[in-house]
Each structure stands twice: as structure tokens, then as C-alpha cells.
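Just so it is clear: chains get the letters A, B, ... in the order the sequence lines come, proteins before strands, and each one is counted from 1. Values in this document were obtained by computation on a predicted structure and should not be read as measured data.
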Amino acid sequence: MLDPALLRGQLDAVAERLAARGFALPKAQIEALEARRKTTQTQTQELQNLRNTRSKSIGMAKAKGEDTAALMAEVAGIGDQLKANENELAKIQAEVAQITLGIPNLADTSVPYGKDETQNKEIHQWGTPRRFDFPVKDHVELGARHGWLDGEVAAKLSGARFTVLRGDLARLHRALAQFMLDLHTREHGHLECNVPLLVNAETMQGTGQLPKFEEDLFATAGEARRYLIPTAEVSLTNLVANEILEAEKLPMRLTAHTPCFRAEAGSHGKDTRGMIRQHQFEKVELVTISKPSESYAEHERMTRCAETVLEKLELPYRRVLLCTGDMGFAAAKTYDLEVWLPSQNTFREISSCSNCTDFQARRMQARWRNEETGKPELVHTLNGSGVAVGRALIAVMENYQNADGSIAVPPVLRPYTGGVERIA
RNA sequence: GGAGAGGUGGCAGAGUGGUCGAAUGCGCCGGAUUCGAAAUCCGGUUUACGGUUUUGCCGUAACGUGGGUUCGAAUCCCACCCUCUCCGCCA
């Protein structure tokens with residue numbers, strides 16, 4: 001959520017910045033609604049004030065044993081008017097919320113202007129794609145061996161966009177997750193968390209998935225409707241919802257390894273082959289809660305944490321700064337990391353690191369106590385994949401493949417595979 | 001799943017219809033006292049939203065959540081959520 005004061009005082013400037021991300025702000029509607037809100041709220045509060053003072057005087061009169069019939073008759077008339085005003089105000093506030101909860105974050109000034117992903121800016125590349133002296137196989141072909149990676153049987157169980165992993169490949173997948181978690185906890189100072197995968201609507205609203213993107217989520221049936229998390233960002237970030245943190249607790253650096261569930265509405269026909277785009281996948285997530293003044297430095301640091309994963313795995317990648325038109329709803333600035341996939345002869349997204357500034361914090365009422373002012377202020381929240389485990393597995397398979405279809409285990413993973421150096 | 005108890009400020013804990021945003025204690029922050037400290041004494045100490053002449057002032061709301069009754073609700077009524085204890089069951 002944006003600061004409501006911005007929508008009142010600087011509507012034109014805000015509209016312009018939102019237009020850069022392809023969002024059309026309904027200015028006239030907001031102005032009209034805001035005008036109604038102001039008069040209705042002021043009126044309501046005046047009526048409440050009137051009722052309270054009169055009721056108090058009844059109490060005082062009764063205490064003195066005076067007759068209160070006249071006073072009571074007078075106040076009785078306020079009730080209906082007040083009720084009507086309160087209902088009207090609630091209606092207006094609901095309308096305001098519906099609009100403001102659907103407005104994306106403002107892009108940081110360092111974000112390049114652009115319409116879509118073609119205008120993202122490459123920051124740097126790391127590593128050199130390996131030269132193969134044999135025809136490369138993609139992960140689906142490589143995974144066919146020993147039934148390592150089986151989409152057919154998964155379809156039997158669950159439908160399209162699921163996979164079953166077996167044997168050495170399943171272990172390699174687990175090794176990747178373990179390695180990442182150990183790296184972030186031992187070397188990067190993130191606290192390991194094990195979090196709920198099912199969360200309520202309020203939590204989903206806190207990080208911005210709701211109310212606007214419900215169609216991308218899986219939900220449970222029944223009265224106590226809950227949602228499967230599309231990323232551990234949701235659970236980790238909301239840990240500080242409705243909290244006022246002491247300054248010394250910041251920055252708060254967290255990590256979790258969880259499955260992620262995405263309905264992927266609107267991506268039909270994209271990446272249908274293999275396990276690139278699944279309804280269920282695993283990810284090691286990084287989250288940082290920081291003071292506003294430190295969030296951009298934290299953003300760089302956290303992106304480096306994700307890059308370190310790929311560097312230790314010796315996987316070539318590049319860092320891309322997303323342009324205004326390609327960023328996610330809550331982000332003010334996002335770096336994507338893209339890993340080299342030999343079979344596609346290109347880089348594919350494997351991590352996304354965003355600074356959400358105070359956008360999620362305002363929705364969650366996540367604050368810290370600024371010692372200089374003594375007042376609670378909104379924190380900044382950041383999240384990043386560190387990294388997607390399924391896609392890391394694909395990258396390892398393809399980049400480490402041998403002519404015979406066997407796959408070398410990256411040295412850094414060998415402690416996690418019982419010393420196995422090659423799966424064949 | 002069964003039975004019971006309970007949700008009030010940073011914490012503990014009063015308050016069962018009326019000057020109650022809330023006693024008291026603890027904690028915390030100032031100050032006094034002291035060579036310094038302890039003890040003691042004095043004062044202060046929630047948050048959100050709105051208005052405004054914006055280092056301030058004014059107003060409204062909030063006692064688990066949402067409704068209801070009433071001139072007036074922390075207090076009465078209804079529904080829901082959560083926590084704790086015991087029993088059962090289970091990983």
C-alpha cells in the first residue's frame with residue numbers, strides 16, 4: 001500500500017510514476033471518493049463527540065440524583081443520524097481500501113523505465129558457459145534415465161505441471177536445498193525458520209497476494225479458508241506483522257526452505273516441457289526486515305547471497321535489473337538472477353530479489369521504534385530466492401551432463417550426497 | 001474429539017452499565033536526593049486514524065474479533081477466533 005498522504009497531496013506525481021509501470025491510476029475516482037471521505041469522516045466524528053459529551057452529562061446528572069428524562073430525549077435523536085453516517089463512512093472506506101490495496105508500489109528512481117522484460121538492464125555476468133563436444137540433452141531427456149524425473153506418473157497423481165523425482169536425482173535435489181540453507185545460515189547470518197505453508201487471507205494481504213491475485217493461489221475449501229503459500233516470503237515477512245520492533249533487532253535476516261504452490265493462471269502454454277514451471281516447487285527463501293535507511297544496502301547484500309549460491313555451484317549466470325514495466329506488484333526495485341541453460345542456449349530466471357520498501361510493511365503494520373524520534377515507523381521488507389531448488393536442479397543437470405547421460409555432482413554438493421561425485 | 005478455565009496497557013493484575021484509555025504493582029524514561037550507587041520521593045510512559053495555524057494542538061476509535069441491546073458498554077446478549085489445563089487419539 002502506498003502512503004495515503006501521497007494519494008491526497010501528490011496525486012498527479014504518483015499517477016505519473018505508476019504509469020511508468022503500466023498502471024493507470026483512476027485519479028478522478030480517487031479525488032471524488034477522498035472528498036466524500038473527508039466530509040463524512042469529519043461529520044461522523046463531530047456527531048460522536050456530541051453523543052459522548054451528552055451521555056456523559058446524563059451520567060453526571062444521575063449521579064447527583066437529578067431528573068434526566070429531558071436530556072435522554074435530546075440525545076436519542078442523535079443516534080439515527082450517527083448510525084447513518086457511520087455506515088456511509090464504512091462504505092466509503094471499503095471503497096478506498098479496494099482501490100488502494102490494488103495499487104502497486106512505486107518504482108525506485110534507480111529503476112530504468114521500460115515497458116516489458118525486453119527493456120530490463122543486464123548488470124553483470126558471471127562464469128563462462130561450458131563448451132560441449134557432444135549434443136547437449138535437456139533436463140527432461142537426462143531425467144528419463146532410471147525414471148529420475150517422471151512427469152507422466154505425476155500427471156496420473158495430480159495432473160499437468162507436477163513431477164516425481166526418484167533415486168539419485170531426488171537426493172541431488174535434497175542436497176541442493178540443504179546446501180543453500182547451510183550457506184545462508186552459517187555464512188550469511190540468516191535465521192533458519194520452519195513456517196506454515198497454509199496461511200489466512202490477512203497474511204496474504206499483508207505481502208500483497210490478496211486481494212488482487214487470488215487466481216494465482218491455491219486455497220482450501222470450507223469455512224476457515226486458507227491459502228497455500230506461493231513463496232515462503234509470505235510466511236517469513238508476515239512474522240513481523242502488527243509488531244513494533246526494537247531498533248537493535250534490525251536488520252532481521254530470515255530464511256526458510258519450503259514448497260511453493262502456484263496456480264500460474266495466465267501462463268498456460270508456457271514452459272510446458274519438464275519441470276521449469278510447476279504448480280508445486282521448492283525454494284530456499286531469504287527475507288530481510290530492515291530500517292528504511294538501510295534497505296537498499298540490504299538489497300545489494302541479499303542479492304549477493306543468492307549469487308553466492310550459483311557461484312559455489314559454478315553455474316554461469318547474469319544479474320538483471322528489472323525495468324519499471326516488468327516488476328512485481330510489491331517491489332520498488334528488483335534484481336533477477338538468470339542461470340545458463342545449455343539446452344535452451346540462454347539464461348533463465350532462477351532468483352528474484354526485491355526491495356519492497358514500506359509497501360508491505362504498511363499493509364501489515366510492521367514497524368520499528370526509531371530511537372531518534374521515539375516513534376514507531378514502518379520497516380522496509382525485502383525478499384529474494386536463494387534460490388529456486390527445482391530450477392537449480394535443472395541447471396546442475398544440464399550444465400554438468402556428460403556425453404553418456406550421466407551427471408557430475410558439483411563439488412560443493414558432495415558432502416550432501418554421501419561423497420558421490422557422479423550419478424549415472 | 002470430550003470436559004473445564006480464560007483472553008484488559010511492555011508485563012502482572014483490578015474493574016460486572018455512567019466524568020474508564022482504564023486502579024494498583026512491576027518495568028521503562030526523566031528529575032530530586034547522593035561523592036557515586038542502592039533505597040526513597042516527584043513526574044512521565046499505548047496505538048491507529050482524521051483535522052489543523054504541523055518540533056505543537058484538537059478530535060475520533062481501540063479492553064481477542066464481529067454483531068446486538070442502551071442516551072451511554074471493558075462491563076449485558078449472540079456468534080466466531082485464539083490460548084491454557086485435564087482426558088482421549090495421533091506423527
Residue whose closest nucleotide on RNA chain B lies nearer the 5' end, A/G374 versus A/I58 = A/G374
Using whole Å, report how far CD of A/Q48 lies from P of B/rG50.
-> 15 Å
Could you check whether A/R367 gets within reach of a base, just the sugar-phosphate, or nothing at all, counting any heavy atom under 4.0 Å?
-> sugar-phosphate
For the rings on A/H299 and A/Y335, is their centre-to-centre separation under 6.0 Å?
-> yes
Taking only N and O in the side chain of A/R362, is any of them less than 4.0 Å away from OP1 or OP2 of B/rA48?
-> no
Flag for A/T258-A/E285: side-chain donor and acceptor within less than 3.5 Å | no
Rounding to a whole Å, what distance do you find between A/E248:CD and B/rG10:C1'?
-> 14 Å
Write down the distance between CG (A/N52) and P (B/rG17), rounded to a whole number of angstrom.
-> 20 Å
Would you kindly give the CD-to-P distance between A/E372 and B/rU55, to the nearest whole Å?
-> 18 Å
Could you state the atom-to-atom distance from NZ of A/K62 to P of B/rG17 in whole Å?
-> 13 Å
Examine B/rG59: is either OP1 or OP2 under 4.0 Å from a nitrogen or oxygen in the side chain of A/N49? Give yes or no.
-> no
Taking only the side-chain nitrogens and oxygens of A/R51, find out if one of them lies under 4.0 Å from OP1 or OP2 of B/rA61.
-> yes
Here the residues of residues 36-47 of chain A within 4.0 Å heavy-atom distance, strictly under, of RNA chain B are A/R37, A/K38, A/Q41, A/Q45
Stems in RNA chain B: runs of 3 or more consecutive Watson-Crick or G-U pairs, distances under 3.5 Å?
-> B:1-7 with B:81-87, B:10-12 with B:24-26, B:27-32 with B:40-45, B:46-52 with B:56-62, B:64-68 with B:76-80
Could I get the full list of side-chain hydrogen bond (donor to acceptor under 3.5 Å, both in side chains) partners for A/Q360, not counting sequence neighbours?
-> A/E233, A/T381
Less than 4.0 Å between a side-chain N and a carboxylate O, is that true for A/R36 and A/E88?
-> yes
